[in-house]
Amino acid sequence: MTSSSAASRKALSKIACNRLQKELVEWQVNPPAGFKHKVTDNLQRWVIEVSGAPGTLYANETYQLQVDFPEHYPMEAPQVIFIPPAPLHPHIYSNGHICLDILYDSWSPAMTASSICISILSMLSSSTVKQRPADNDRYVKNCRNGRSPKETRWWFHDDKV
């Protein structure tokens with residue numbers, strides 16, 4: 001998220017605030033394996049450290065996710081990106097944008113920050129190749145002005161990685 005879009009982001013609703021506080025407490029008591037929440041005073045933006053699962057292409061590698069929760073979370077999906085450098089993966093662009101249906105079209109208010117993280121780790125773990133998406137350069141060039149991945153019309157056609 002660029003600084004200009006961060007500045008225009010609306011404050012969390014009471015429902016979103018309560019839900020996130022509950023999720024944060026649950027995270028502290030029972031964090032998902034392979035993830036660490038980097039503590040800040042900003043409930044609306046979480047930075048999460050991701051450790052590649054043992055026995056996968058990403059074993060012993062660490063990345064950071066930035067999760068920006070919208071005003072009407074959980075009715076609206078958060079924006080989730082990798083803070084560069086992003087892992088080499090067929091569904092992760094070099095600017096950190098992630099092509100994963102649950103972050104967009106398949107979002108459900110029943111999902112949580114933990115379930116998102118587990119889905120991302122599963123996506124990483126199932127990959128058999130370390131490479132960028134075929135359209136990485138074109139996509140990243142089109143996003144230069146700070147476009148959010150939520151503004152992209154994603155085409156979810158490959159569930160193998």
Side-chain angles (χ1 to χ4, degrees), residues 1-3 5-6 9-130 132-133 148-152 154 156 158-161:
M1 183 175 255
T2 63
S3 57
S5 57
R9 185 174 52 201
K10 293 186 177 180
L12 293 171
S13 68
K14 180 87 170 137
I15 291 169
C17 199
N18 289 342
R19 167 73 178 262
L20 283 171
Q21 287 172 338
K22 182 178 173 183
E23 284 190 41
L24 190 55
V25 167
E26 174 61 28
W27 186 295
Q28 291 164 340
V29 172
N30 186 26
F35 295 92
K36 290 182 189 157
H37 176 261
K38 297 183 124 188
V39 179
T40 68
D41 60 356
N42 186 347
L43 189 61
Q44 199 164 4
R45 173 174 283 172
W46 292 15
V47 175
I48 299 170
E49 189 175 278
V50 184
S51 298
T56 70
L57 293 175
Y58 303 93
N60 302 315
E61 295 182 14
T62 303
Y63 301 97
Q64 290 188 78
L65 286 172
Q66 178 176 297
V67 183
D68 288 302
F69 295 96
E71 175 186 14
H72 297 293
Y73 178 80
M75 300 312 291
E76 183 184 338
Q79 175 179 284
V80 183
I81 61 170
F82 277 97
I83 298 172
L88 279 171
H89 186 280
H91 296 292
I92 302 171
Y93 290 84
S94 58
N95 63 356
H97 291 192
I98 305 165
C99 181
L100 181 63
D101 62 347
I102 65 158
L103 300 177
Y104 312 101
D105 299 352
S106 297
W107 172 254
S108 163
M111 294 179 187
T112 63
S114 290
S115 66
I116 292 168
C117 288
I118 291 165
S119 294
I120 290 171
L121 187 60
S122 176
M123 182 184 78
L124 285 173
S125 298
S126 65
S127 184
T128 58
V129 293
K130 280 185 154 184
R132 291 280 177 231
S148 163
K150 293 176 88 175
E151 296 173 38
T152 298
W154 297 100
F156 305 109
D158 178 12
D159 62 356
K160 291 188 231 47
V161 290

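The figures here come from the full heavy-atom set of this structure, side chains too, leaving out hydrogens, waters and symmetry mates.
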Aromatic plane relationship, F69 with Y73 - under 30° parallel, 30 to 60° tilted, over 60° perpendicular
perpendicular

Residue pairs passing the salt bridge (charged side-chain N to carboxylate O under 4.0 Å, His left out) test where at least one lies in residues 78-90, sequence neighbours excluded:
none

According to salt bridge (charged side-chain N to carboxylate O under 4.0 Å, His left out), does anything in residues 85-98 pair up with another residue at least two apart or in another chain? List the pairs.
none

Show every salt bridge (charged side-chain N to carboxylate O under 4.0 Å, His left out) that has at least one partner inside residues 78-89, sequence neighbours left out.
none

With P133, which residues qualify under side chain to side chain contact (heavy atoms under 4.5 Å, CB included), at least two apart?
Y93, D135, N136

Looking at CG of D101 and NE2 of H91, how far apart are the two atoms once the value is rounded to the nearest 0.5 Å?
10.0 Å

Do you know which two heavy atoms are closest between L12 and P70, and how far apart they sit?
CD2-O, 3.3 Å

What's the shortest heavy-atom distance between L124 and F82, and which atoms?
CD1-CZ, 4.3 Å

OG (S119) and CG (L100) are apart, to the nearest 0.5 Å, by 6.0 Å

Find the distance between NE2 (H37) and CD (Q28) and round it off to the nearest 0.5 Å.
7.5 Å

By salt bridge (Lys or Arg N to Asp or Glu O under 4.0 Å), E26 pairs with (sequence neighbours left out) none

L103 to I116 - nearest heavy-atom pair and separation:
CD2-CG2, 3.8 Å

So do the side chains of S114 and F35 get within less than 4.5 Å of each other, counting heavy atoms only?
no

I need the minimum non-hydrogen distance between R132 and I92, along with the two atoms involved.
NH1-O, 3.2 Å

State the OG-CG distance between S126 and L57, to the nearest 0.5 angstrom.
9.5 Å

Keeping the roles fixed (side chain from Q44, backbone from K10), state whether a donor-acceptor pair exists under 3.5 Å.
yes

List for me each residue that meets side-chain hydrogen bond (donor to acceptor under 3.5 Å, both in side chains) alongside K38, sequence neighbours excluded, and say none if there are none.
Q64

Report the C-alpha distance between I98 and H89 in whole Å, list the side-chain angles of each, state the deciding distance to 0.1 Å, and finish with yes or no for side chain to side chain contact (heavy atoms under 4.5 Å, CB included).
CA-CA 9 Å; I98 305 165; H89 186 280; over 6 Å; no

Nearest heavy-atom neighbours spanning G96 and A86:
CA-CB, 4.0 Å

First locate atom CE of M111, then atom CD1 of I118, and finally report the distance between them rounded to the nearest 0.5 Å.
11.5 Å

Does any part of the side chain of Q79, heavy atoms only, come nearer than 4.5 Å to the side chain of V67, both counted from C-beta?
no

Sorted by chain and residue number, the side chain to side chain contact (heavy atoms under 4.5 Å, CB included) partners of T40 (sequence neighbours excluded) come out as N42

Heavy-atom count check: over 12 atoms from other residues, nucleotides or ligands less than 6.0 Å from I15 CD1?
no

Once side chain to side chain contact (heavy atoms under 4.5 Å, CB included) is applied, do any residues pair with S51, and if so which ones, sequence neighbours excluded?
T62

Is the shortest side-chain heavy-atom distance between L24 and W46 below 4.5 Å?
yes

Residues at least two apart in sequence or cross-chain that pass side-chain hydrogen bond (donor to acceptor under 3.5 Å, both in side chains) with R19, listed by chain then number, are E23

Sorted by chain and residue number, the side-chain hydrogen bond (donor to acceptor under 3.5 Å, both in side chains) partners of E61 (sequence neighbours excluded) come out as Y63, K130

How many angstroms lie between CG in L121 and OG1 in T56, if you round to the nearest 0.5 Å?
7.5 Å

W107 versus P78, closest heavy-atom pair with distance
CH2-CD, 3.6 Å

